[in-house]
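So that the names make sense, note that chain A is the first sequence line, chain B the second, and so on, each numbered from 1.
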Number of protein chains: 2
Amino acid sequence: MVQTIYWKDNKVVMLDQSRLPLEVSYIECSSYECVADAISRLLVRGAPAIGIAASMGIAIGGLSISASDTDEFKKKISPVMDNLLNTRPTAVNIKWAVERFKKFIDTNSDKPVSELKEMLVLESINVLNEDIEINKAIGEWGAQFIHDGDTVLTHCNAGSLATGGYGTATAPMLIAKEQGKKFRVFADETRPVLQGARLTAWELMQSGIDVTLITDNSAGALMKKGMINLAIVGTDRTTRNGDVANKIGTYSVAVLCKEHGIPLYVSAPLSSIDFNMESGDEIPIEERASEEVTTIWGHRVAPEGVKVINMAFDVTPAKYVSAIITQKGAFRPADLFKLANEKTDLSKIRIGN
Amino acid sequence: MVQTIYWKDNKVVMLDQSRLPLEVSYIECSSYECVADAISRLLVRGAPAIGIAASMGIAIGGLSISASDTDEFKKKISPVMDNLLNTRPTAVNIKWAVERFKKFIDTNSDKPVSELKEMLVLESINVLNEDIEINKAIGEWGAQFIHDGDTVLTHCNAGSLATGGYGTATAPMLIAKEQGKKFRVFADETRPVLQGARLTAWELMQSGIDVTLITDNSAGALMKKGMINLAIVGTDRTTRNGDVANKIGTYSVAVLCKEHGIPLYVSAPLSSIDFNMESGDEIPIEERASEEVTTIWGHRVAPEGVKVINMAFDVTPAKYVSAIITQKGAFRPADLFKLANEKTDLSKIRIGN
């Protein structure tokens with residue numbers, strides 16, 4: 001499995017995703033400025049991976065602070081956090097990391113500064129390991145849906161690269177492979193940004209999974225030929241009723257799955273489920289720059305001045321989703337809201353084993 | 001409307017489509033070698049347009065022949081025809097043009113050579129005009145399906161550029177515009193070769209039609225939002241039972257149309273209907289080079305060595321098609337086979353007026 005980010009010898013080591021798949025290179029950061037730069041230049045991407053990078057950025061920023069007491073340390077770590085927050089203002093995972101570490105420092109403000117600094121490092125490694133554990137759990141619950149001889153369709157990149165490891169949509173594939181299952185994967189190239197071609201195809205090849213790249217236009221024809229058995233995708237946000245926001249084109253995959261009687265699974269860590277939002281109708285859809293469509297690697301592929309609609313995401317209604325796979329189990333979309341209640345006996349609503 | 005190819009002052013004038021949409025330039029050929037070169041280098045593309053280019057190539061080749069009688073002329077025009085045939089061996093329209101002109105010369109072999117040469121020029125212009133007339137007729141029959149306020153989805157390029165003029169899928173749009181209807185068009189970019197982005201968007205802009213470029217991934221989400229009212233596509237081959245082979249991704253559009261209750265129309269000149277083939281199951285699907293998917297304008301977008309499936313076409317079963325629009329009228333796919341019988345009263349099976 002590809003290692004996207006890890007801590008080594010008081011350095012944050014990150015795969016430079018901007019060079020993939022043409023070049024595999026890692027950058028080693030020994031300052032928080034270096035980590036912030038990597039986040040802002042998109043060398044590291046994917047919500048969970050960004051959260052881990054921010055956590056390790058805080059830890060490495062802490063290491064270089066000289067402070068005689070915790071109060072001074074708190075004052076000095078504050079601009080480190082602000083700097084990281086400013087790299088990508090809309091990335092909720094950076095905000096989440098900053099809040100987690102603020103609390104952590106408050107809780108441990110009785111510790112000597114030197115000990116606190118070490119604890120921050122361990123806590124940032126915890127963030128990474130927790131993410132891997134969540135994804136592994138998703139993989140364990142999800143692998144049951146992949147059978148010998150299957151071909152799995154996936155869309156966009158919800159892979160190891162976007163997380164600490166295992167990915168979300170790819171976790172069931174990696175675990176199924178660890179279980180010795182024989183299957184293959186079709187990766188939609190995922191226009192306009194081609195995350196499927198650039199990232200998913202590459203990381204599945206690295207993991208020894210039999211992957212074939214297809215254009216987004218090919219999924220329907222391949223389903224019609226009986227060449228796809230199930231689809232697994234990730235999600236940016238899933239609402240209380242089981243509606244799934246994910247990369248543009250996911251909804252088309254869902255409709256094609258329905259037409260061909262193919263199950264569609266959504267890998268969703270609990271952190272991506274918004275129990276406060278009733279349905280996908282409320283999710284604002286980001287419109288992105290037309291240049292993502294009209295130019296590819298700086299080469300113009302469409303007429304100057306052409307109008308473009310470039311929605312980053314679409315919403316797949318719950319009725320198209322066979323199951324939502326979380327770290328707590330796989331559930332029917334209609335049962336998803338029950339996870340918000342801590343008293344729910346999950347064993348009664350889980351799908352499969 | 002864009003003029004793809006025309007005859008002017010004993011020259012064949014062709015739009016250089018390989019430079020679109022970045023540059024609009026025409027080449028003028030006064031020799032058949034020049035025309036053959038334009039065909040083989042894909043400066044001219046699209047089955048009907050290639051047939052017209054081949055016809056004009058034969059005519060311009062004839063002009064430069066000095067022969068004392070028709071027999072000598074026939075001998076000397078033969079290598080011209082062979083040369084054109086060799087430019088793109090699988091292009092049926094070149095074969096069709098060569099056969100048409102062989103017959104034409106045989107029928108008129110009593111004429112003096114100088115007159116025959118002029119007749120060939122007029123005949124090649126006839127080929128162009130006939131194609132335009134067929135497409136205009138498709139447009140007249142098809143325009144009834146476009147209403148004020150509609151948004152029309154199209155896929156790939158079955159436009160003026162692929163024909164002598166009007167195109168097939170675009171003809172109903174151009175005629176509807178001539179009729180003063182207000183509507184807009186969404187053009188799928190059509191990966192992998194991006195004919196929608198490069199050609200369809202460009203030529204509709206040239207014709208003053210309100211066109212918006214979208215990724216193939218966006219069509220479903222836009223249908224779900226109620227932003228698409230009908231789809232019109234072309235066809236490479238339609239079989240007796242109404243199954244439609246067209247650019248890869250057409251089938252996905254068809255399934256999405258069905259899911260949203262959106263009618264799907266196929267513009268098909270009678271020459272593209274294969275009455276000898278029972279169903280689309282018999283159509284061989286061309287697999288093309290993986291580089292079409294893995295590289296874009298020479299820039300690699302996928303990992304070295306990745307497996308690719310790149311089917312050029314897919315087959316949309318007749319049940320997804322609302323009507324097939326020919327130059328003789330619009331018909332339900334189930335009625336299509338009746339067109340093979342010359343005695344059929346078309347007025348009884350035509351859809352609309």
- Note on the structure: What one should report as the nearest heavy-atom pair of A:Leu213 and B:Ala302 is CD2-CB, 3.5 Å

- Item | For A:Ala201 against B:Val306, the heavy-atom pair lying closest together | CB-CG2, 4.0 Å

In terms of heavy-atom proximity below 4.5 Å to chain A, should [X] be classed as side chain, backbone, both, or neither?
{"X": "B:Ile296", "value": "side chain"}
{"X": "B:Glu189", "value": "side chain"}
{"X": "B:Trp202", "value": "both"}
{"X": "B:Phe186", "value": "side chain"}
{"X": "B:Leu22", "value": "side chain"}

Between atom [atom1] of [X] and atom [atom2] of [Y], what is the distance when rounded to the nearest 0.5 Å?
{"X": "B:Thr190", "Y": "A:Arg191", "atom1": "OG1", "atom2": "CZ", "value": "11.0 Å"}
{"X": "B:Thr215", "Y": "A:Met311", "atom1": "OG1", "atom2": "CE", "value": "7.5 Å"}
{"X": "B:Lys225", "Y": "A:Tyr251", "atom1": "NZ", "atom2": "OH", "value": "11.5 Å"}

Could you tell me which of [options] has the largest number of non-hydrogen atom pairs under 4.5 Å with chain A?
{"options": "B:Ala187, B:Ser290, B:Ala221", "value": "B:Ala221"}
{"options": "B:Ser252, B:Pro303, B:Gly249, B:Gly220", "value": "B:Pro303"}
{"options": "B:Ile214, B:Leu194, B:Leu256, B:Val253", "value": "B:Leu256"}
{"options": "B:Arg300, B:Lys224, B:Met205, B:Glu304", "value": "B:Lys224"}
{"options": "B:Leu20, B:Asp210, B:Thr316", "value": "B:Asp210"}
{"options": "B:Pro317, B:Gly196, B:Ala254", "value": "B:Pro317"}

- Task: Answer yes or no: is there a side-chain heavy-atom contact under 4.5 Å between B:Asn217 and A:Lys247?
- Result: no

- Quick one: are A:Glu259 and B:Tyr320 in side-chain contact, heavy atoms under 4.5 Å? yes

- Message: At a heavy-atom distance under 4.5 Å, which candidate from A:Asp314, A:Ile248, A:Asn310 has the highest pair count against chain B?
- Response: A:Ile248

